[in-house]
Protein chains: 2
Amino acid sequence: MAGRRAQMVEETRGKLVQAARKAFASKGYAAASMDDLTAEAGLTRGALYHNFGDKKGLLKAVIDQIDAEILDHLRGVQARAATEWEGLLAENIAFIELALDPEIQRIMLLDGPAVLGDPSQWPNQNACLRRATVTIQTLIDNGTIHPMDPEAAARLLNGAALNAALWIAAADDPPATMPKAVEAFQHLAKGLLRAPA
Amino acid sequence: MAGRRAQMVEETRGKLVQAARKAFASKGYAAASMDDLTAEAGLTRGALYHNFGDKKGLLKAVIDQIDAEILDHLRGVQARAATEWEGLLAENIAFIELALDPEIQRIMLLDGPAVLGDPSQWPNQNACLRRATVTIQTLIDNGTIHPMDPEAAARLLNGAALNAALWIAAADDPPATMPKAVEAFQHLAKGLLRAPA
DNA sequence: AATGATCACATACGCGACGTATGTCAACAA
DNA sequence: TTGTTGACATACGTCGCGTATGTGATCATT
């Protein structure tokens with residue numbers, strides 16, 4: 001009982017979200033036209049407003065999709081790590097690499113916060129940060145790292161990784177900048193979590 | 001020879017920038033209307049386009065002004081510190097406090113990067129980051145802190161402070177969150193800069 | 001299977017906002 | 001004093017969002 005109706009709807013939403021990802025990434029949220037968006041998807045603004053309410057709603061849907069992909073990727077990275085501690089480090093470095101993708105950078109890191117507010121309020125970003133928070137809490141209980149507020153630590157780590165990515169992307173020579181940023185980030189992460197009180 | 005003409009111009013630009021600060025801070029860049037802006041300043045859009053070219057130009061002028069104020073403030077903080085090392089710490093913590101100001105947060109941290117691109121490309125933000133970079137380099141030469149890329153370290157520190165502020169502002173109970181964030185940031189800063197290789 | 005209701009989407013409209021082109025009046029130069 | 005420059009106002013065109021309305025396909029019910 002999939003319902004022919006629901007299947008068509010899902011397809012429509014998918015086409016709209018995909019077209020929006022492309023437009024938002026290339027032109028930016030503000031400069032992206034809804035008419036152009038929907039036309040490229042073979043639809044009109046009617047479908048868009050019916051399914052997503054308004055332009056912000058569409059951006060929200062796009063962000064949810066990208067965030068889910070990021071979450072999947074990061075889970076895989078941590079799963080391949082030898083220890084939880086190394087997994088935490090690997091996750092954040094992977095996050096830096098992901099943030100170099102223009103699509104992720106533009107939509108998730110620049111327009112997203114400006115339009116929808118702080119990422120900690122987004123449901124999935126919360127999930128991402130919560131993963132780090134839980135991991136840090138576990139490592140604190142393990143005695144692996146220094147006791148501290150896990151939520152604050154997760155947020156700071158994430159913020160540092162995020163800005164490292166923005167710095168790399170804005171640099172004159174990104175490939176040359178990357179290793180310096182990663183090295184500095186590793187110092188930062190180890191220092192933050194292992195430093196004595 | 002101040003020139004009566006130039007004086008009037010300066011006054012006009014000042015009124016426009018001030019009105020823009022207020023509007024951008026309260027409504028956000030996208031939702032702020034140029035007509036309303038200029039009307040509140042007792043002018044029209046003609047003055048605006050003549051002096052600043054377009055809406056982005058006005059935002060740039062606003063950002064330059066705020067950034068200069070921040071720079072002044074941070075200079076004062078570092079001057080009052082006992083050592084350069086403590087000055088660096090104090091500067092970043094002061095930056096966290098400043099970033100809690102809704103005006104600074106909205107304009108400098110959310111809309112600014114989304115509209116004008118990465119802050120490292122802004123002339124004055126460069127100056128701010130360069131200050132931190134130079135300080136870190138000095139401390140490395142001193143042997144006070146661990147050798148590393150000073151630019152990367154400055155950017156990571158700044159990013160962590162920035163996101164700490166965003167986290168605090170988005171928290172349920174900002175006053176209660178503040179000390180936790182500051183404490184975590186101190187751990188981070190000390191750990192980053194003092195940790196052995 | 002037929003019919004009425006629902007719903008997904010298209011079409012049409014109004015409104016607001018940006019940017020530009022043109023006009024006007026005061027300030028400077030000669 | 002007069003011609004010129006330039007700072008700002010006014011008027012216009014255009015575009016893009018959001019809403020209200022229309023339409024045809026799908027689902028439920030008998």
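By convention in this document, chain letters (A, B, ...) are assigned in the order of the sequence lines, proteins followed by strands, and residues within each chain are numbered from 1.
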Grab the [atom1]-[atom2] distance between [X] and [N] for me, whole Å please.
{"X": "B:L58", "N": "C:dC18", "atom1": "CG", "atom2": "P", "answer": "10 Å"}
{"X": "A:L16", "N": "C:dA8", "atom1": "CG", "atom2": "P", "answer": "13 Å"}
{"X": "B:Q7", "N": "D:dA7", "atom1": "CD", "atom2": "P", "answer": "15 Å"}
{"X": "A:R45", "N": "D:dA20", "atom1": "CZ", "atom2": "P", "answer": "14 Å"}
{"X": "B:R13", "N": "D:dG6", "atom1": "CZ", "atom2": "C1'", "answer": "14 Å"}

So what does [X] touch, heavy atoms closer than 4.0 Å: a base, only the sugar-phosphate, or nothing?
{"X": "B:A32", "answer": "sugar-phosphate"}
{"X": "A:T44", "answer": "base"}
{"X": "B:L48", "answer": "nothing"}

Can a donor-acceptor pair be found, under 3.5 Å and without considering hydrogens, that links the side chain of A:K190 to the backbone of A:L89?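 Looks like no, no N/O pair under 3.5 Å.
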
Find out whether the Lys NZ or Arg CZ of B:K60 is both under 6.0 angstrom from the six-membered ring centre of B:F52 and within 45° of the ring's axis.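 No.
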
What residues, two or more places apart in sequence or in another chain, satisfy side-chain hydrogen bond (donor to acceptor under 3.5 Å, both in side chains) together with B:Q65?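 Residues passing side-chain hydrogen bond (donor to acceptor under 3.5 Å, both in side chains) with B:Q65: B:R21.
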
Taking it one step at a time, do A:K22 and A:E40 satisfy salt bridge (charged side-chain N to carboxylate O under 4.0 Å, His left out)? CA-CA 10 Å; A:K22 188 176 171 186; A:E40 185 160 337; 2.9 Å; yes

B:H50, nearest nucleotide to its side chain (from D:dG18, D:dA7, D:dA9):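 In terms of side-chain proximity for B:H50, the closest of D:dG18, D:dA7, D:dA9 is D:dA7.
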
Looking at D:dC8, I'd like to know if its phosphate oxygens (OP1 or OP2) sit under 4.0 Å from a side-chain N or O belonging to B:N51.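 So the side chain of B:N51 is within the cut-off, an N or O lying under 4.0 Å from OP1 or OP2 of D:dC8.
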
